[in-house]
Number of protein chains: 2
Amino acid sequence: MQSFTEENYLKIIYHLAESSSNVQTNAIAEQMQTKPASVTDMIKKLAEKGYVDYVKYQGVTLTEKGKNAAIDIVRKHRLWEVFLVDKLNFKWDEVHDVAEELEHIKSETLIERLDEFLGFPKSDPHGDPIPDKNGRFAKTHFTKLIDLKVGDGGTITGVSQHSSAFLKLLEKLGLTLGKQIKINDVTDFDGSVEILVADKQINISREVAKHILISSNGKN
Amino acid sequence: MQSFTEENYLKIIYHLAESSSNVQTNAIAEQMQTKPASVTDMIKKLAEKGYVDYVKYQGVTLTEKGKNAAIDIVRKHRLWEVFLVDKLNFKWDEVHDVAEELEHIKSETLIERLDEFLGFPKSDPHGDPIPDKNGRFAKTHFTKLIDLKVGDGGTITGVSQHSSAFLKLLEKLGLTLGKQIKINDVTDFDGSVEILVADKQINISREVAKHILISSNGKN
DNA sequence: ATTTTTTTTTAGATTTACCTAAAAATAAAA
DNA sequence: TTTTATTTTTAGGTAAATCTAAAAAAAAAT
Ligand SMILES: [Mn+2]
Ligand SMILES: [Mn+2]
Ligand SMILES: [Mn+2]
Ligand SMILES: [Mn+2]
């Protein structure tokens with residue numbers, strides 16, 4: 001059984017590994033809001049316990065054991081987020097910090113019952129997939145809104161930024177999960193995107209467009 | 001804000017204070033499953049922070065601040081227990097350990113929403129009262145079953161022992177909350193009690209009878 | 001191929017919550 | 001009122017997770 005802190009490290013390493021197979025000390029430090037020296041200490045411990053493979057100065061990769069442990073925490077995190085939104089009427093921008101604590105509650109039974117209570121949801125309030133009890137989940141490959149061409153359309157199915165500020169903005173713009181959108185134009189000058197959503201035309205910055213994930217239903 | 005450990009100490013001191021105004025170091029150590037020396041350390045810290053009044057060798061009493069903090073944790077513990085039983089179909093003997101962890105999740109909003117979601121319950125699965133958001137709750141004064149006389153009757157409204165073994169036994173005997181009982185006889189030899197419950201006559205030991213709380217509806 | 005910059009690791013401390021063993025205070029028994 | 005037993009505290013130490021400052025390695029720039 002892992003400590004709170006170990007679990008947080010594992011989860012962060014898992015997420016970082018999605019973009020770079022070898023996860024760097026500094027990257028972990030930044031995510032954990034701690035110092036690289038502390039990360040080195042913890043990395044050694046995780047390697048000791050068989051959660052990561054570690055070569056000095058070369059960063060870490062999760063072992064099978066480490067990956068399973070990480071996925072288990074991700075599963076808990078996302079299930080709790082669904083609970084907070086579906087049952088306790090939290091907004092999608094309010095759930096992260098609380099789920100960050102709830103994910104560490106240690107009870108197999110609890111999480112299986114919760115899963116059942118929620119109706120075995122497949123994705124969390126941000127569109128991220130929820131691993132099943134065996135750690136399996138569909139690898140979703142969405143397109144970033146920014147990568148669509150003029151005329152393309154699709155459904156908003158995820159976000160790649162979970163900050164409250166960003167999520168609140170999307171809420172205000174009506175860019176929530178499930179909404180249909182269509183690219184009307186891309187502004188030459190600043191690369192901002194004109195999109196059509198719910199029959200209204202709005203303009204969003206490149207920065208925003210980068211973090212909206214679309215399940216594309218092809219060109220039009 | 002208090003640490004996990006501080007919260008557990010406060011809660012235990014609060015419960016111990018129900019039977020003896022001055023709570024002893026050894027008593028705390030026993031409940032916390034730790035050593036008296038460790039308790040002395042923690043007591044000093046809690047006194048430092050203003051949660052307890054402490055006189056060397058004389059044990060501790062909770063300050064107003066300490067009492068409020070303790071009641072807040074009790075509230076969370078009991079609300080989570082209700083959630084586990086009412087929503088996730090846990091048995092009353094399965095909830096304690098999980099609630100012991102859940103009670104430390106820090107979010108005012110979470111607990112208010114949970115309270116609402118559960119319909120503002122007044123008591124937990126063991127009959128213990130749930131403080132409202134201001135820390136107020138009805139002081140319940142039940143009679144121990146063991147103190148009833150032959151012919152007396154009443155409703156089971158609580159237990160003063162939360163061990164899984166005890167609760168499972170009650171479940172098996174059909175002695176669950178809300179059940180009507182009546183004292184038919186007290187055995188001279190061993191003090192065991194003959195009671196009538198759901199039209200069946202059963203015999204329970206003194207030890208069991210001591211921990212069942214009855215809201216007496218008077219003599220027969 | 002050097003120099004400079006960035007990344008990572010070590011060395012040495014600190015804090016929190018523990019522990020054991022021994023001393024001190026209090027309470028109970030003789 | 002001594003003596004004995006119990007309770008509580010001190011003294012000194014450990015393990016986990018952190019920190020700062022400085023050294024070492026690797027990567028990038030010149
Ligand atoms: Mn976390
Ligand atoms: Mn999420
Ligand atoms: Mn607890
Ligand atoms: Mn309870």
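If you're wondering where the values come from, they're calculated on a predicted model, not measured in any experiment.
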Review point. Which residues pass the side chain to side chain donor-acceptor pair (under 3.5 Å) test with A:H104, sequence neighbours left out?
Key: A:E7, A:N8

Review point. When all nucleic acid strands are considered with a 4.0 Å heavy-atom cut-off, which category describes B:F4: base, sugar-phosphate, or nothing?
Key: nothing

Point to revise | Phosphate contact (C:dT10 OP1 or OP2) by A:K56 side-chain N/O below 4.0 Å | key: yes

Check your understanding: Got a salt bridge between B:E64 and B:K67, using NZ or NE/NH1/NH2 to carboxylate O under 4.0 Å?
Key -> no

Review point. To the nearest angstrom, how far is B:E6 atom CD from C:dC18 atom C1'?
Key: 14 Å

Practice item. Keeping to residues at least two apart or across chains, list the ring pair (Phe, Tyr, Trp, His ring centres under 6.0 Å) pairs with something in residues 27-69 of chain A. Key: none

Check nucleotides 18-23 of chain D for protein N or O atoms closer than 3.5 Å to its own N or O atoms and list the pairs.
| residue | atom | partner | partner atom | Å |
| --- | --- | --- | --- | --- |
| D:dT18 | O4 | A:D41 | OD2 | 3.4 |
| D:dC19 | OP2 | A:T34 | OG1 | 2.4 |
| D:dC19 | OP2 | A:K35 | N | 3.2 |
| D:dC19 | OP2 | A:S38 | OG | 2.7 |
| D:dT20 | OP2 | A:K35 | NZ | 3.2 |

**Study point:** Counterpart residues, side chain to side chain donor-acceptor pair (under 3.5 Å), relative to A:Y9 (two or more places apart)
**Key:** none

Check your understanding: Separation of B:Q58 atom CD from D:dT9 atom C1', in whole Å?
Key -> 13 Å

Exercise for review: Answer yes or no: does a side-chain N or O of B:N26 lie under 4.0 Å from OP1 or OP2 of D:dT8?
Suggested key: yes

With a 3.5 Å cut-off and sequence neighbours excluded, list the donor-acceptor pairs that the side chains of residues 21-40 of chain A form with protein atoms.
| residue | atom | partner | partner atom | Å |
| --- | --- | --- | --- | --- |
| A:N22 | ND2 | A:Q58 | O | 2.3 |
| A:T40 | OG1 | A:P36 | O | 3.2 |

Exercise for review: Starting at atom CD1 of B:I43, determine the distance to atom P of D:dT10, rounded to an integer number of angstrom.
Suggested key: 11 Å

Point to revise | Of residues 13-24 of chain B, the positions that come close to DNA chain D - non-hydrogen atoms, cut-off under 4.0 Å | key: B:Q24

Practice item. Tell me, please, which residues at least two apart from A:E101 pass side chain to side chain donor-acceptor pair (under 3.5 Å). Key: none

**Study point:** Side-chain N,O (A:T40) to OP1/OP2 (C:dT10) below 4.0 Å
**Key:** no

Point to revise | Carboxylate-amine/guanidinium contact A:E18 A:K139, below 4.0 Å | key: no

Check your understanding: How close or far is atom P of C:dT8 from atom OH of A:Y54, stated in whole angstroms?
Key -> 9 Å

**Study point:** Contacts of type side chain to side chain donor-acceptor pair (under 3.5 Å), residue A:E6, not counting sequence neighbours
**Key:** A:K45, A:K49

Practice item. Could you list all the side chain to side chain donor-acceptor pair (under 3.5 Å) pairs where at least one residue sits in residues 109-128 of chain B, not counting sequence neighbours? Key: B:R75-B:E112, B:R75-B:D115, B:E81-B:H126, B:D128-B:H162

